[in-house]
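Heads up: the structure comes next, in structure tokens.
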Amino acid sequence: EKIFRENKTIQDGWDYVLDAGGNVKKDSLGNDIKVERFVDVYCDVIEIEQYKTARIAGTVQYYNRQTNHLMEQFPITTDAIFANNYVTFTGNRRALSSRARGLCDNGILPFPADMELLSQANFQLKDMVRDILHDHRRVLAAVN
């Protein structure tokens, strides 16, 4: 959790310009003269980050089957990541940054099960192994 305050000065309507007698001043065309009114607004924000990761690491090794000699090896690592951020606040919503406003629409999510993340990492690992086998076909040809 991160707790912080956001504040802004924003336009909040307008006021008429008055003369010394309390009457509304007019411009050269006879229109009432108005000035923008600004107010300071603030908001206390709590940003919550949910994060969970699963990592699978290993090594792809090429051995010559006749000599049992290690010919090449390639370390591989893959991560499956669950991340969710959301914001709760008290105060004036207009004080929020656009980033914080966007996170207000999010909410708490249930964390995925460990096996679900490991399964995602496993699919990525399979793709990595397939790519290594494809990119190093010459080693496989030399092994056989």
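No experiment lies behind these values; they were computed from the predicted model shown.
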Going through the checks in order, is the side-chain contact (heavy atoms from CB on, under 4.5 Å) test met by Thr77 and Ile56?
CA-CA 6 Å; Thr77 302; Ile56 299 177; over 6 Å; no
With no hydrogens and no angle check, do the side chains of Ser97 and Glu6 hold a donor and an acceptor under 3.5 Å apart?
yes
Interatomic spacing from CD in Glu49 to NZ in Lys2 - rounded to 0.5 Å
6.0 Å
Checking Asn84 side chain against Gly107 main chain: does a donor-acceptor pair fall under 3.5 Å?
yes
Between Ile48 and Ile46, which heavy-atom pair has the shortest distance, and what is it?
CD1-CG2, 3.6 Å
Could you state the interatomic distance from CD (Glu72) to CG (Asn64), rounded to the nearest 0.5 Å?
12.5 Å
side-chain contact (heavy atoms from CB on, under 4.5 Å) assessment of Arg93 paired with Arg101
CA-CA 8 Å; Arg93 183 181 179 95; Arg101 257 193 318 270; 4.3 Å; yes
Is any side-chain heavy atom of Thr9 closer than 4.5 Å to one of Val39?
no
Within-4.5 Å side-chain heavy-atom neighbours: Leu133 and Tyr62
yes
Considering non-hydrogen atoms only, spot the tightest contact between Ala80 and Ala121 and give its length.
CB-N, 3.7 Å
Apply the side chain to side chain contact (heavy atoms under 4.5 Å, CB included) test between Tyr16 and each candidate in Val35, Asp32, Ile33, Asn23; give the one that qualifies.
Asp32
Evaluate the side-chain proximity of Asp114 to Lys52: yes if any heavy-atom separation is below 4.5 Å, no if none is.
yes
Verdict with reasoning, Leu70 to Gln61, per side-chain contact (heavy atoms from CB on, under 4.5 Å):
CA-CA 7 Å; Leu70 177 65; Gln61 298 176 330; 3.7 Å; yes
Measuring only between side-chain heavy atoms, which start at C-beta, is Asn92 closer than 4.5 Å to Tyr42?
no
For a 4.5 angstrom cut-off between non-hydrogen side-chain atoms, does Val87 reach Asn106?
no
At what distance, to the nearest 0.5 angstrom, does CG of Asp44 lie from CZ of Phe89?
11.0 Å
Flag yes if Val60 and Leu125 sit in one hydrophobic cluster, no otherwise; membership is Ile, Leu, Val, Met, Phe, Trp, Tyr, and two members link when side-chain heavy atoms are under 4.5 Å apart.
yes
Using the ring centroid of each side chain, check whether Phe82 and Phe111 are separated by less than 6.0 Å.
yes
When clusters are formed by joining ILVMFWY residues with side-chain heavy atoms under 4.5 Å apart, either directly or through shared neighbours, do Ile81 and Ile108 land in the same one?
no
Atom OH of Tyr86 with >12 non-hydrogen neighbours under 6.0 angstrom:
yes
Thr78 side chain near Met128 side chain, heavy-atom distance below 4.5 Å:
yes
If you group Ile, Leu, Val, Met, Phe, Trp and Tyr by side-chain heavy-atom gaps below 4.5 Å, do Leu109 and Leu117 land in one group?
yes
Which pair of heavy atoms, one from Asn68 and one from Tyr63, lies closest together, and at what distance?
O-CD2, 3.7 Å
Asp12 side chain reached by Arg94 side chain, heavy atoms, under 4.5 Å
yes
Hey, is CZ on Phe38 packed in by over 12 heavy atoms from elsewhere, all under 6.0 Å?
yes
Looking at Lys25 and Asp19, is there a salt bridge between them, counting it only when a charged N and a carboxylate O are closer than 4.0 Å?
no
Consider only side-chain N and O atoms of Asn85 and Glu47, and report whether a donor and an acceptor are under 3.5 Å apart.
yes
Taking everything shown except Arg55 itself, do over 12 heavy atoms lie less than 6.0 Å from its CZ?
no
Could you walk me through whether Asp40 and Asn7 pass the side-chain contact (heavy atoms from CB on, under 4.5 Å) check?
CA-CA 7 Å; Asp40 294 324; Asn7 49 335; over 6 Å; no
Spell out, yes or no, whether Val41 and Leu96 are grouped together once hydrophobic residues are joined by side-chain heavy atoms under 4.5 Å, including indirect joins.
no
